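Contents: one structure, followed by commentary.
Please read all numbers here as calculations on a predicted model, not as lab measurements.
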Amino acid sequence: MMTTDEGERVNPEPNWRTSSYTGTENCVEVADGDPAEVLVRDTKNRGGAILCLSRGAWAKFVQFTADGQRNR
């Protein structure tokens with residue numbers, strides 16, 4: 001999350017969304033409105049842990065999963 005010099009979050013409320021492919025709650029939600037980071041959480045445990053990824057790491061993960069779908 002982007003923060004001010006005082007350590008306060010710039011965008012205190014992430015805009016969570018799920019994939020359009022999600023048919024059940026067995027999925028994750030993503031908040032990607034921050035220019036530096038992407039947040040990921042479990043749809044079944046929205047109050048639980050949040051994974052914070054750099055944009056580069058998120059892009060590599062998305063590419064990896066897309067490549068895996070093509071190789072099936």
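The closest side-chain heavy-atom distance from R55 to V38 is below 4.5 Å. For the pair W16 and T43, the minimum side-chain heavy-atom distance is 4.5 Å or more. A heavy-atom distance below 4.5 Å is found between the side chains of R17 and D32. Looking at heavy atoms from C-beta onward, V40 lies in side-chain contact with L53 at the 4.5 angstrom threshold.
Shortest non-hydrogen contact noted between R41 and R46 is NH1-O, 3.5 Å.
Note that NZ of K60 is 14.5 Å distant from OG1 of T65, once rounded to the nearest 0.5 Å. For the atom pair N15 CG and L39 CG, the distance stands at 11.0 Å (nearest 0.5 Å). S54 contributes atom OG, which lies 11.5 Å from atom CG of D34 (distance to the nearest 0.5 angstrom).
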